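Note sheet for the following structure.
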2 protein chains.
Amino acid sequence: MDMEKVNSMDFGEFVDVFGNVIERCPLIAAAVWSQRPFSDLEDLEKHFFALIDALPQSGQEGILRCHPDLAGRELQRGTLTAESQREQSGAGLTSLGADERLRLAELNAQYRARFGFPFVLAARLTDPAAMPRELARRLHCPPAQELRTALGEVKKIGHLRLADLLCVDPSGP
Amino acid sequence: MDMEKVNSMDFGEFVDVFGNVIERCPLIAAAVWSQRPFSDLEDLEKHFFALIDALPQSGQEGILRCHPDLAGRELQRGTLTAESQREQSGAGLTSLGADERLRLAELNAQYRARFGFPFVLAARLTDPAAMPRELARRLHCPPAQELRTALGEVKKIGHLRLADLLCVDPSGP
């Protein structure tokens with residue numbers, strides 16, 4: 001999809017296409033449409049990220065709370081969004097053994113209890129064997145730092161999703 | 001549902017229950033959870049409305065863009081959210097004649113083209129016969145004033161939805 005096509009979309013089409021760039025937060029795409037026209041992927045994602053940064057802290061935590069657990073119940077039940085399903089399957093999370101799933105579930109529960117939002121990680125960029133280790137490490141970070149780290153992961157996920165939609169190489173020009 | 005029950009919810013339950021108080025914007029409920037405990041309906045809705053007011057203008061327009069048209073294609077197709085379906089049916093919009101539907105569709109299209117968001121109205125509080133007149137009137141308002149009016153309607157809808165969920169009289173104590 002080229003930017004001319006993107007810039008010609010009405011807000012309904014734009015939200016249909018980009019509504020899940022930020023997981024289950026079509027409001028963000030619906031807001032970004034106000035900033036058209038966009039020159040390229042970098043320009044478009046700049047507006048997604050600027051809106052996330054402009055939210056009050058509760059709103060930023062809200063974005064994280066709209067994300068599913070990694071290897072959680074929704075993956076088992078098949079109720080993830082198409083994008084999350086693809087990312088979690090692609091990262092090998094559908095083929096975890098029962099022990100690994102249980103270990104992740106315990107760590108996810110501890111993380112949610114500590115921070116009040118789920119553990120968010122750009123699964124496509126992470127070796128699945130490293131995930132429980134990374135979760136255990138972030139579990140001990142100070143809350144303000146962890147909020148920043150988690151929002152950074154939201155942006156990595158958004159970057160990859162936008163690159164997919166625009167059929168460009170996510171590693172840039 | 002009493003406030004003790006609401007205040008005991010984890011964020012997943014809270015978003016399941018209150019995620020559509022603001023139409024198709026679970027992010028808002030997910031953010032509001034940060035502000036618990038809540039004392040009553042008035043306190044709870046105060047946090048929903050404060051977050052809307054704290055958004056940059058593009059975010060406020062984004063909320064409006066997550067709303068469906070009144071008597072639009074989604075009502076015909078049955079793809080509205082349960083709340084919108086109930087509200088639009090209850091307001092008599094499922095039994096409009098073809099002429100009235102066409103008139104509303106034309107006005108909706110003019111409104112979207114002028115403001116960049118759909119016409120939002122608390123259908124439960126409005127006589128259906130008055131809707132095209134109200135739409136035609138608001139179509140000529142200055143954009144900044146119309147944004148405020150439309151967000152006021154979002155809050156009226158949110159108030160009624162919260163009152164339903166908490167089983168309290170929406171007209172207050």
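Below, all heavy atoms of this structure are taken into account, side chains as well, without hydrogens, waters or symmetry copies. Computed from a predicted structure; not experimentally measured. Sequence lines set the chain letters: A, B, ... in the order given, protein chains first and strands last, and positions in each chain run from 1.
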At a heavy-atom separation under 4.5 Å, does A:Leu51 approach chain B through its side chain, its backbone, both, or neither? side chain
When the 4.5 angstrom heavy-atom criterion is applied to A:Ile22 and chain B, the contacting part is neither
Find the one option among A:Gly12, A:Ala30, A:Cys25 whose heavy-atom pairs under 4.5 Å with chain B are most numerous. A:Ala30
Between [Y] and [X], is there a salt bridge with N-O shorter than 4.0 Å?
X        : Y        : value
A:Arg148 : A:Asp53  : no
A:Arg161 : A:Glu23  : yes
B:Glu146 : B:Arg114 : no

Shortest non-hydrogen contact from B:Lys5 to B:Asp2? N-OD1, 2.9 Å
Heavy-atom pair count under 4.5 Å with chain A, highest-scoring of B:Gln35, B:Arg24, B:His47, B:Arg112: B:Arg112
Taking atom CZ of B:Arg103 as the centre, does the number of heavy atoms from other residues, nucleotides or ligands within less than 6.0 Å exceed 12? no
Using 30° and 60° as the class boundaries, would you call the ring planes of A:Phe11 and A:Trp33 parallel, tilted or perpendicular? perpendicular
Within the 3.5 Å criterion, strictly below it, is a donor on A:Glu153 or A:Thr149 matched to an acceptor on the partner's side chain? no
Are there residues of residues 54-82 of chain A that reach to under 4.5 Å of chain B by heavy atoms, and which ones? A:Ala54, A:Leu55, A:Pro56, A:Ser58, A:Gly59, A:Glu61, A:Gly62, A:Ile63, A:Arg65, A:Cys66
When the side chains of residues 116-127 of chain B are checked against the rest of the protein, which donor-acceptor pairs come out under 3.5 Å, sequence neighbours left out?
| from | atom 1 | to | atom 2 | distance (Å) |
| --- | --- | --- | --- | --- |
| B:Arg124 | NH1 | B:Asp164 | OD2 | 3.1 |
| B:Thr126 | OG1 | B:Ala122 | O | 3.1 |
| B:Asp127 | OD1 | B:Ala129 | N | 3.1 |

